Amino acid sequence: GIVRRSRPRRILEVHRGIIMSDTNTKSGQDWVHIIVAMAEAVQAQRGYLTSLDSAVGDGDHGVNIARAMNEAAQRVKLLESPTPAVVLRTTGKTVTNEMGGAAGIIFGSFFRGCGHAVRERETLDVHDLAQMFAAGLAEVQKQGGAQPGDKTVVDACAPAVPPLQASSGACPPLAEAGQQAAAAAGTGAEATKEMVARFGRAKFLGERSIGYQDAGATSMAIMIAAMGGSRASSGRLNGAPRTEHLPERLGKTETESGDK
């Protein structure tokens, strides 16, 4: 049988950053900086994400998402006077191509969906951010078919939308809205520990996947936190998850071992 060690709760804490806090609208060039911050955040947590994925998956998520986001960051920095939509669509296309497979499609579709929702906008405010995230989530669900509770990236994306929609009516500072979304996404990623995986390689484990946090949801939560709470000076996410007490690797699945 599988022996599961108890592990302390790990929370994606969100601290006030400077990327989303200086103005209440964001231009295309601002979004270039945000994508760069996201890339740096996942790079800083690459080992942690790989450890999460190694427990119930192929163990390559950290490397793949870090590589894809780094390439996206390099490409958006080359854009001349881009709109937010161009930055987001470029990121989505690059992530899809660089990651490949189902994960590339899912993460790429989030950014492409976001970009499509704001294609007519030169700058983005809180209302635009709410529409953007809702569209990104919808595109992820359209492409992958996952619902909240399926232990996927949706479990980080979906909780981030209501705080942004509520903020849209109240019009708080972008930094505050971004932090609320990031906190919700982090809580959603943490909650995947108690879920049964229904997609990806982990689905073959059934209830044995309970107790292990989803790597995809976690990487999405890290990027959302970078959007609202990163330090441009260091490029590292203030509240990134700690890397102690990493999960142990599960054994072969029934499919891998030949049992039906």
Side-chain angles (χ1 to χ4, degrees), residues 6-17 19-21 34 37-38 41-42 44-45 48-49 51-53 55-57 61-62 65 106-107 110 114 126 129-130 132-138 140-141 144 146-170 172-200 202 209-231 236-247:
S6 62
R7 293 181 298 281
R9 182 173 176 81
R10 184 185 296 110
I11 300 176
L12 290 167
E13 298 174 343
V14 181
H15 299 267
R16 183 171 298 277
I19 285 183
M20 293 293 282
S21 62
I34 291 169
M38 288 180 172
V42 293
Q45 297 300 316
Y48 171 65
L49 294 169
S51 296
L52 289 180
D53 193 42
V56 294
H61 180 73
I65 188 67
I106 293 301
F107 279 88
F110 173 76
C114 288
V126 173
L129 201 64
M132 186 183 86
F133 265 72
L137 170 63
V140 166
Q141 292 186 283
Q147 299 297 318
D150 286 343
K151 203 181 183 87
T152 71
V153 66
V154 169
D155 293 301
C157 287
V161 174
L164 291 173
Q165 292 174 330
S167 296
S168 178
L174 268 178
E176 180 181 335
Q179 289 161 16
Q180 290 172 353
T187 299
E190 290 266 344
T192 62
K193 292 179 183 177
E194 308 308 319
M195 299 174 187
V196 176
R198 303 192 186 283
F199 287 83
S209 63
I210 295 175
Y212 296 90
Q213 189 166 316
D214 183 68
T218 305
S219 60
M220 179 59 75
I222 287 171
M223 287 191 285
I224 294 173
M227 178 192 71
S230 63
R231 284 182 178 176
R236 293 180 66 88
L237 178 63
N238 284 348
R242 297 184 296 276
T243 54
E244 69 269 24
H245 305 290
L246 293 172

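On a predicted model such as this, the values are computed, not experimentally measured, just so you know.
- Considering only heavy atoms from C-beta on, Phe107 comes within 4.5 Å of Ile65 through its side chain.
- Here Ser219 pairs with His61 under the side-chain hydrogen bond (donor to acceptor under 3.5 Å, both in side chains) rule; sequence neighbours left out.
- When every heavy atom of Ala221 is checked against every heavy atom of Ala189, the shortest pair comes out as CB-CB, 4.0 Å.
- Scanning both residues, Ala130 and Leu164, for their nearest heavy atoms gives CB-O, 3.5 Å.
- Every residue two or more places apart in sequence or in another chain was checked for a side-chain hydrogen bond (donor to acceptor under 3.5 Å, both in side chains) with Glu194, and none qualifies.
- Closest non-hydrogen pair, Phe199 versus Gly144, comes out as CE2-O, 3.3 Å.
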Exercise. Run the side chain to side chain contact (heavy atoms under 4.5 Å, CB included) check on Phe133 and Met227 step by step: do they pass?
Worked result: CA-CA 12 Å; Phe133 265 72; Met227 178 192 71; 3.9 Å; yes

For this session: Determine, step by step, whether Cys157 and Phe110 satisfy the side chain to side chain contact (heavy atoms under 4.5 Å, CB included) criterion, reporting the C-alpha distance in whole Å, the side-chain angles of both residues, the deciding distance to 0.1 Å, and the verdict.
Result: CA-CA 9 Å; Cys157 287; Phe110 173 76; 4.0 Å; yes

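- Residues forming a side chain to side chain contact (heavy atoms under 4.5 Å, CB included) with Ala138 (at least two apart in sequence, or on another chain): none.
- Note on residues 149-162: no pairs pass side chain to side chain donor-acceptor pair (under 3.5 Å), not counting sequence neighbours.
- Closest heavy-atom contact between Ala41 and Ile222: CB-CG2, 3.8 Å.
- Side-chain contact between Asp214 and Leu52: absent, with no pair of heavy atoms (C-beta onward) separated by less than 4.5 Å.
- Residues that satisfy the side chain to side chain contact (heavy atoms under 4.5 Å, CB included) test with Ile106, not counting sequence neighbours, are Val140, Gln143, Val153.
- By the 4.5 Å heavy-atom criterion applied to side chains, Ser51 and Gln45 are not counted as neighbours.
- Looking at every heavy atom in both residues, Gln165 comes nearest to Ala134 through NE2-CB, 4.2 Å.
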For this session: Just do the side chain to side chain contact (heavy atoms under 4.5 Å, CB included) check on Lys193 and Ile210 with the steps written out, would you?
Result: CA-CA 6 Å; Lys193 292 179 183 177; Ile210 295 175; over 6 Å; no

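- For Pro163, the side chain to side chain contact (heavy atoms under 4.5 Å, CB included) partners are Gln180, Ala184, not counting sequence neighbours.
- Residues Gln213 and Thr192 have side chains that never bring a donor and an acceptor to within less than 3.5 angstrom of each other.
- Residues Ala225 and Ala182 come closest through the heavy atom pair CA-CB, 3.5 Å.
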